[in-house]
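None of these values were measured; they are calculated from a predicted model.
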Amino acid sequence: MDKALRLLIVDDSRDDAELMLHTLNQNGYETKCQVVDTLEAMRAALETEEWDIIFSDHAMPHFSAPEALAVAKELHPELPFIILSGEIDLNLAVSLMKGGAQDYIQKREMARIVPAIERELREVEACRQRRRMETALLASEIRYRRLFETAKDGILILDADTGKITDANPSLMEMLGCSSDELIGKKLWKTDIFADTFASKRAFNELEKKGYIRYDDMSLKTREGQQIDVEFISNVYPVDDMKVIQCNMRNITDRKRAEGQVKILDTYLEARAAELEAANSQLEAFNYTVSHDLRAPLTNINGYCQLLMELCRNILEPKYMGYLQEINNGVLRMNRLIDSLLNLSLVSRAELHREKVNLSQTAKAVAAELKLMEPQRKVTFKIADDVMVYGDVSLLQVVMENLFGNAWKYTSKRDLAHIEFGVTDHGGKRACYVRDNGAGFDMTNAEKLFNVFQRLDDTGEFEGFGIGLATVKRIIQSHGGWIIGEGEAGKGATFYFTLDDQLQYESINTERKGEVIMAQT
């Protein structure tokens, strides 16, 4: 393949120019050429075209080699300029080459043209490569300097042979509260920045041997005498014909302080865990006492009451028999209260075993049990089909028993009671609900709903201890959810609840009627 060559010839002899082009073509060059013989023509050619090399005759009627050289150096100083002349004074030729010409060839020595061109093109390419390398090196140095100046870690640069500091970045100056003049030129271990000077000298010696050291925790001193903790990393690497040491220091004072606080917190939490374990042990002992020791006298009272009512049925007046019955009822009520408290305690400490639960089936089973207890009541249940959730099946059974039990209790004064279970949107979230048309409650007292022993019905019209909803709330919270109650006195109540963010519902179209069961007509 021919080698392309863009050639500008300054000569008034077309024959000489043709001879030179012929010589180049014979040597494999495909030339693009322009011949000029005036200053104006040469300037125009240099300003409008790109050239690889310039050949110029020494003397022409209207132009000369010195003038051509001056124009070339003015417009394109990097272009090779070769004098090609018939006869020329040697001193003038030397003067032109000192002025920037690359070579002098006599026209009778055309064989020298090709080697001269190849030499000059190689030199041009070498110069270009050097400039590219210099540009890349400069860019690299600028990038390094920018990183050095903006790095958040403190950085020191040392001469590896002498240990003297040659540079320090702004972050280190800020960290130590000093200026670069206070460090540069000093040996590392002669500065006042190390809390342990002997250790710094030992570290430098170790670095000289290994080429790399790292300390996860090293103490430095600021100009004001305060101690700071740093992570210290240093390594040795060559730069040109010398070795340098770079030391990176990251301030870990705040991190160590935080770690210390975490350790204190861990110690506190361990102590609290031990206290909670002890409290749980005491609670278990208390539960045992309640379930066994406290029930024993209640059982005796109940037994004696039953015996007295049986033996004295025909002796005592009805008024006194009524007293015995009240005592017996009080014992039964106390037993139910003990059961409720034990259930609340067990729920609070129960470990969750999550699985997929069909809450609709649970609701239907609870509804059936309630109906069996009081078959004479007229109650309609509306339960949505296949409401699927993830949770502890036993604890969710307790939730449905309490919510349905509350609805059953507070609708007892209705001629036709209605209890409903389903899923709906509430506050932008999908929530289950249990709704009834019972006694309801005043929303101004709603904050009492889920507190132990707090009842909205103070008249005694409805039985209860105020523990059921507190139990429900603890179960719901243990699942990561929430529960709220909404109601209106005399118009019923609705309780909404969710379990957690991973709660999944299936068949949650609230428009479908679901299954209506237990309708007493």
Side-chain angles (χ1 to χ4, degrees), residues 329 332-333 335-337 339-341 343-344 347 359-360 362-384 387 395-424 426 431-476 482-498 514-521:
N329 291 341
L332 296 176
R333 180 178 173 82
N335 269 317
R336 290 197 300 273
L337 176 58
D339 288 338
S340 297
L341 288 172
N343 286 335
L344 180 62
V347 163
L359 214 53
S360 297
T362 304
K364 292 173 184 178
V366 172
E369 290 178 5
L370 290 171
K371 198 62 181 175
L372 286 174
M373 291 171 56
E374 297 182 68
Q376 75 283 0
R377 284 189 56 184
K378 296 180 179 180
V379 182
T380 300
F381 288 90
K382 180 181 178 183
I383 299 175
V387 176
L395 294 179
L396 293 179
Q397 173 83 21
V398 174
V399 168
M400 300 308 290
E401 287 175 352
N402 277 281
L403 291 178
F404 270 64
N406 256 23
W408 180 269
K409 176 171 61 178
Y410 286 105
T411 58
S412 62
K413 307 301 180 183
R414 290 281 185 263
D415 293 334
L416 180 57
H418 181 79
I419 300 173
E420 180 180 350
F421 168 73
V423 179
T424 188
H426 191 279
C432 296
Y433 68 88
V434 175
R435 179 178 294 129
D436 65 69
N437 66 337
F441 58 88
D442 187 345
M443 285 295 290
T444 58
N445 297 318
E447 72 277 1
K448 297 180 181 180
L449 280 173
F450 303 100
N451 295 336
V452 179
F453 300 128
Q454 294 290 319
R455 302 190 64 220
L456 299 184
D457 171 45
D458 296 327
T459 65
E461 186 178 6
F462 300 99
E463 291 186 357
F465 305 106
I467 295 177
L469 288 179
T471 302
V472 169
K473 183 177 181 179
R474 292 193 183 185
I475 293 173
I476 295 299
W482 50 260
I483 181 169
I484 62 172
E486 296 178 358
E488 185 177 351
K491 294 186 178 181
T494 304
F495 288 89
Y496 301 91
F497 66 91
T498 64
E515 182 178 355
V516 179
I517 63 172
M518 309 278 184
Q520 179 73 32
T521 60

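Atom CD1 of residue I419 and atom CZ of residue F404 lie 7.0 Å apart, to the nearest 0.5 angstrom. Note: E401 CD to L396 CG = 11.0 Å, rounded to the nearest 0.5 Å.
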Q397 vs V366, test: side chain to side chain contact (heavy atoms under 4.5 Å, CB included). Steps then yes/no.
CA-CA 8 Å; Q397 173 83 21; V366 172; 3.9 Å; yes
Intermediate values then yes/no, side chain to side chain contact (heavy atoms under 4.5 Å, CB included), F495 and I484:
CA-CA 6 Å; F495 288 89; I484 62 172; over 6 Å; no
Before giving the answer on side chain to side chain contact (heavy atoms under 4.5 Å, CB included), spell out for C432 and L359 the whole-Å C-alpha distance, their side-chain angles and the decisive distance to 0.1 Å.
CA-CA 9 Å; C432 296; L359 214 53; 4.1 Å; yes
Before giving the answer on side chain to side chain contact (heavy atoms under 4.5 Å, CB included), spell out for F421 and L403 the whole-Å C-alpha distance, their side-chain angles and the decisive distance to 0.1 Å.
CA-CA 10 Å; F421 168 73; L403 291 178; over 6 Å; no
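For T362, there are no side chain to side chain donor-acceptor pair (under 3.5 Å) partners two or more places apart in sequence or in a different chain. H426 meets the side chain to side chain donor-acceptor pair (under 3.5 Å) test with E486; sequence neighbours excluded. Remark: E420 engages R435 in a salt bridge (Lys or Arg N to Asp or Glu O under 4.0 Å) (not counting sequence neighbours).
When all heavy atoms are compared, the tightest approach of L395 to I475 is O-CD1, 3.5 Å. Nearest approach of I476 to I483, heavy atoms of both residues: CG2-N, 4.2 Å. Here the shortest heavy-atom pairing between A431 and Y496 reads CB-CB, 4.5 Å. Of all non-hydrogen atoms in F441 and G485, the two that sit nearest each other are CZ-C, 3.8 Å. Looking at every heavy atom in both residues, R414 comes nearest to G438 through NH2-O, 3.1 Å. Between Y433 and T494, the closest heavy-atom pair is CB-CG2, 4.0 Å.
A donor-acceptor contact shorter than 3.5 Å is absent between the side chain of K371 and the backbone of Q376. Counting only distance, with no hydrogens or angles, the side chain of N437 and the backbone of H418 share a donor-acceptor pair below 3.5 Å. Not a single donor-acceptor pair under 3.5 Å links the side chain of R377 to the backbone N or O of A417.
Side-chain contact check for W408 versus M373: every heavy-atom pair is 4.5 Å or farther apart. By the 4.5 Å heavy-atom criterion applied to side chains, N402 and L469 are not counted as neighbours.
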